[in-house]
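Because the structure is predicted, anything quoted here is derived from the model rather than measured. Throughout, protein chains are lettered first and strands after them, A, B, ... in sequence-line order, and every chain is numbered starting at 1.
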Amino acid sequence: MNRCVERLYNGIIKENPTFVLVLGMCPTLAVTTSAINGLGMGLSTTVVLVMSNMLISMLRNIIPDKVRIPAYIVVIASFVTIVDFLLEGFIPTLYDSLGLYIPLIVVNCIILGRAESYASKNPVLPSIFDGLGMGLGFSLALTVIGLVRELIGSGKVFGFALPQIFEPVTIFVLAPGAFFVLAALTALQNKIKAKKGDDSNSPCLAADCSGCGNHNCGGRLFTMTSGPETAGVKEDAAGKENGQKEKEGTING
Amino acid sequence: MSELYHVSASPHDRAGVRTTHIMQMVVVALLPAAAYGIFHFGYRAALHILITIAASVITEYLYEYFMHKPITVTDFSAVVTGLLLGMNLPVAAPLWIGALGAVFAILVVKQLFGGLGQNFMNPALAARCFLVISFAGYMTNFTTDTYTTATPLAMLKAGESVDTFSMITGNIPGAIGETSAIAILIGAAFLILMGVITIRIPITYLVTFLIFMGLFGKGGIGQGFDVHFLAAHLAGGGLMLGAWFMATDYVTSPITKAGQIIYGVLLGILTGIFRVFGSSAEGVSYAIIISNLLVPLIERITVPKPFGKGGERR
């Protein structure tokens, strides 16, 4: 169970998909014109992410390695279609404002990335929590970006107009504003994380080096540190090369 | 004495010209146009210009102070940015708009990319575009107590006739520093005589623009070759200010001769496209910042060959 909590923390803070991994930029930049749009997009993605991670983790020993990407896409696309119809049926206003970006969740690289780098080589429960953590991290980031853009760009918070104490800066709800806010918030979270001190000696918790926020490591900790956490990780890395060899009993909380 | 023995890499031909010196000359060159704007629009224009300059300098100082960088406010580059931005504002705009634009120009466009010499587009123009997009209502409202008509360019676009002579002297509505073509040309002539800018970029820019307007500016192809029409377009809007003072910005224009010509042609075509086919009457600022972004590519294709390289081998 400890493993699951760690996955949540990892997804929301340590490897936040938007601010640290910088994945899924298309929806991040396009739909965050308001906090509610960001939240809706984030939660829709979370649902797809949790479900696809679960199913792909269940099927991880069945899916042949050579066709794994098409297989993942089929799984993801099925869940996206379900979410698409559910939103259209029950929250039509959100569906209208998100528009094309709901079907585009299929090609969101966070989902495929988690399937490829985590769910395909880990047991079901941690995979679900990995999806949940990543999804919540994504939702949090999109909501915060949307909140800032909505506040500065149209003087509202979650759609409620504030008293007019300043003139809204319209550019913030347009495309350039998305880049400004994303850059500023990424810089801010880097600053906060840097304040916590140099973490170059903290144990390596990442599933692989591609998503690690620790720039001082350069792959050293990944291969050198010993311990129960990284032992599993190492086996993952080995398993990636040996195709179907790994799985069972690597990490069981 | 020790300087005589100083060993260094090329260039060995050194001039005493410093950034501060050049920036001061640009400020001097801008003064006629700014002074005419203040004379023309009243004390509020002076207030706008002072606020943008003050905001630019203070922003630069504070950023460099808190980031522990060398303080460069004395090199006048922030003053030039503030002055140019102030001259690009309509006089009726609220005063805080200039301050906001100056903070954006210095902080986001200039300092975050590394300060003077590293900015990827002209800070004053980027700030102007930022303001036009954000506050379209304020930034396109050129009516004052004396002028209630649209700008000459908007009238031209609507097919109405304009008074070309007042456009050249500057007795028209518009942004503070852009109305008088004569005042801008006096400043430009000063810069050229002092060797601060060359005429390569402005001339290719203006000539290309005129040919484009002649060909496509008015109804059918080639009907725009009409002295009144072309003169009005030449003197109207921010074209003069942009061509002589902003397109020639050292940092954001190509350094190779061929590159400068390509850059000027590109500017002329883009400005023409925006003015003729765009939704707004003016297009100089967008043309310049888009061309700024293409400068690295232009420089890449116009790298000069070193002496002795290339050619046929016998």
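- The closest side-chain heavy-atom distance from A:Leu174 to B:Ile133 is below 4.5 Å.
- Contact check for B:Trp96 versus A:Phe166: no side-chain heavy atoms found under the 4.5 Å cut-off.
- For B:Ser280, the side-chain hydrogen bond (donor to acceptor under 3.5 Å, both in side chains) test picks out no residue, with sequence neighbours left out.
- Interface remark: A:Pro168 contributes backbone atoms only to the contact with chain B (heavy atom separation under 4.5 Å).
- The environment of A:Phe85 atom CZ is sparse: at most 12 non-hydrogen atoms of other residues, nucleotides or ligands sit within 6.0 angstrom.
- Around OH of B:Tyr65, the count of heavy atoms belonging to other residues, nucleotides or ligands within 6.0 Å does not exceed 12.
- More than 12 heavy atoms of other residues, nucleotides or ligands sit less than 6.0 Å from atom CG of B:Leu95.
- Between the side chain of B:Ser134 and the backbone N or O of A:Val169 there is no donor-acceptor pair closer than 3.5 Å.
- Taken to the nearest 0.5 Å, the CD1 atom of A:Ile171 stands 6.0 Å off from the CZ atom of B:Phe104.
- Within 6.0 Å of the CZ atom in B:Phe277, the count of heavy atoms belonging to other residues, nucleotides or ligands exceeds 12.
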